[in-house]
Amino acid sequence: MSILRIGILASGRGSNFQSIINEVESQRLKVKISLLITDNPLAFAIERAKKHGIEYLVIKPETFKSRDDFYKKIADELKKREVGLVVLAGFMRIVGKPLLMEFPNKIMNIHPALLPSFPGLHGQKQALEYGVKISGCTVHFVDEGMDTGPIIIQAAVSVFEDDTEESLSERILRYEHKIYPEAIRLFSEGRIEIQGRKVKIKGAINPEIFLINPSIE
Ligand code: GRF
């Protein structure tokens with residue numbers, strides 16, 4: 001079987017992108033990162049791509065006549081490189097139709113809350129303000145909605161009384177960096193099956209990534 005080629009879409013810091021790079025470089029994740037696309041010329045993700053010899057493109061929406069043209073261009077660049085999975089890693093936009101149609105059930109996103117709770121921006125802050133005792137992160141397939149697609153993996157963390165948005169975000173992020181590469185691994189091994197809203201996973205998954213870990217520093 002030929003190796004899965006993935007394309008990353010990121011708008012900012014790119015720590016999830018880095019966690020994927022690390023897994024690929026250590027050969028625990030056997031995929032090829034073919035391309036980074038960013039909509040933000042100042043994204044730190046670009047520095048990460050440069051450092052690791054990954055091709056990158058800056059594609060700015062304002063240079064296109066329409067939103068559809070912007071997403072068509074992204075889809076074309078990904079297709080050109082025979083990408084089989086599109087990985088949104090802090091891509092701060094709702095994915096447009098031309099990209100969704102080109103990659104049905106082949107676009108993943110990570111969200112910093114336990115969906116369907118607290119979709120949209122600032123999931124960690126929303127959770128904190130609501131007063132939940134447990135939050136976490138979710139990897140899901142992308143559909144037309146805002147963080148509404150079928151859920152692939154979730155990890156939960158405790159929320160402490162003295163948490164700030166920063167401390168909770170940091171705790172969640174550590175789990176993001178575990179579950180995102182794991183979800184990509186499952187996909188690359190053909191172990192994910194979508195049945196309606198439900199995602200079935202064949203075989204065992206690393207149980208460590210699901211733990212609620214109250215002792216995490
Ligand atoms: C993460 O919290 C992710 O869950 C959300 O955006 C943030 C991106 O962080 N979708 P990074 O750019 O991967 O560091």
Side-chain angles (χ1 to χ4, degrees), residues 6-25 29 31 33 35-52 54 56-59 74 85-96 99-100 107-130 132 134-159 163-185 187 209-210 213 216:
I6 69 170
I8 310 278
L9 268 58
S11 302
R13 152 184 85 169
S15 73
N16 277 288
F17 175 35
Q18 186 68 53
S19 74
I20 296 161
I21 293 172
N22 294 347
E23 290 295 293
V24 171
E25 289 188 347
L29 179 57
V31 303
I33 307 174
L35 179 66
L36 164 74
I37 295 179
T38 181
D39 55 345
N40 172 13
L42 301 176
F44 189 68
I46 295 174
E47 304 311 315
R48 301 183 194 270
K50 283 184 187 162
K51 187 167 172 207
H52 294 272
I54 295 165
Y56 70 93
L57 293 174
V58 179
I59 303 182
I74 292 178
L85 177 68
V86 182
V87 175
L88 309 188
F91 183 65
M92 303 308 283
R93 295 176 185 277
I94 306 256
V95 172
L99 183 56
L100 283 170
I107 308 178
M108 282 183 188
N109 181 43
I110 185 148
H111 181 73
L114 292 176
L115 292 172
S117 293
F118 315 124
L121 289 177
H122 310 296
Q124 307 96 326
K125 184 161 180 264
Q126 292 183 56
L128 208 55
E129 286 175 355
Y130 195 91
V132 295
I134 293 172
S135 192
C137 45
T138 305
V139 180
H140 62 94
F141 284 111
V142 174
D143 62 11
E144 300 82 17
M146 165 86 87
D147 302 323
T148 51
I151 290 170
I152 305 165
I153 303 186
Q154 295 185 299
V157 305
S158 298
V159 180
D163 262 330
T164 60
E165 184 183 356
E166 289 68 35
S167 64
L168 179 59
S169 300
E170 200 184 305
R171 191 173 312 119
I172 292 172
L173 194 63
R174 293 178 55 172
Y175 280 83
E176 293 186 33
H177 296 164
K178 288 173 190 273
I179 67 172
Y180 217 1
E182 184 71 13
I184 297 167
R185 181 177 4 260
F187 185 95
I209 63 177
F210 297 105
N213 190 346
I216 209 160

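Numbering of residues begins at 1 and proceeds along the displayed sequence. Each ligand, and each atom within it, is numbered from 1 in the order the structure gives.
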- Query: Taking both backbone and side-chain atoms of Met92, is any N or O found less than 3.5 Å from an N or O belonging to ligand 1?
  - Reply: no

- Task: For atom 9 (O) of ligand 1, find the nearest protein heavy atom and state the residue, atom name and distance (0.1 Å precision).
- Result: Arg13 NH2, 3.2 Å

- Query: Can you name the residues that form a ring-ring contact (aromatic ring centres under 6.0 Å, His included) with Tyr180, not counting sequence neighbours?
  - Reply: none

- Around atom 2 (O) of ligand 1, find the nearest protein heavy atom and jot down its residue, atom name and distance. Glu176 OE2, 3.1 Å

- Query: Is there a side-chain contact between Gln154 and Ile179, using heavy atoms and a 4.5 Å cut-off?
  - Reply: no

- Item | Arg48 vs Ile54 side-chain heavy atoms within contact, under 4.5 Å | no

- Short N/O distance, under 3.5 Å, between Asn16 and ligand 1? yes

- Could you check atom 5 (C) of ligand 1 against the protein and tell me its nearest heavy-atom contact, residue, atom and distance included? Ile110 O, 3.8 Å

- Using heavy-atom distances, let me know which of Gly90, Gly14, Gly12 sits nearest atom 12 (O) of ligand 1. Gly14

- May I ask you to identify the nearest protein heavy atom to atom 11 (P) of ligand 1, giving residue, atom name and distance to one decimal place in Å? Ser15 N, 3.4 Å

- Query: Is it the case that Asp143 and Thr148 place a side-chain donor and acceptor less than 3.5 Å from each other?
  - Reply: yes

- Item | Residues which pass side-chain contact (heavy atoms from CB on, under 4.5 Å) with Glu47, listed by chain and number, not counting sequence neighbours | Phe44, Lys50

- Between Phe17 and ligand 1, is there a nitrogen or oxygen pair with a distance under 3.5 Å? no

- Message: I'd like to know if Lys178 and Glu182 make a salt bridge, using a cut-off of under 4.0 Å between side-chain N and carboxylate O.
- Response: no

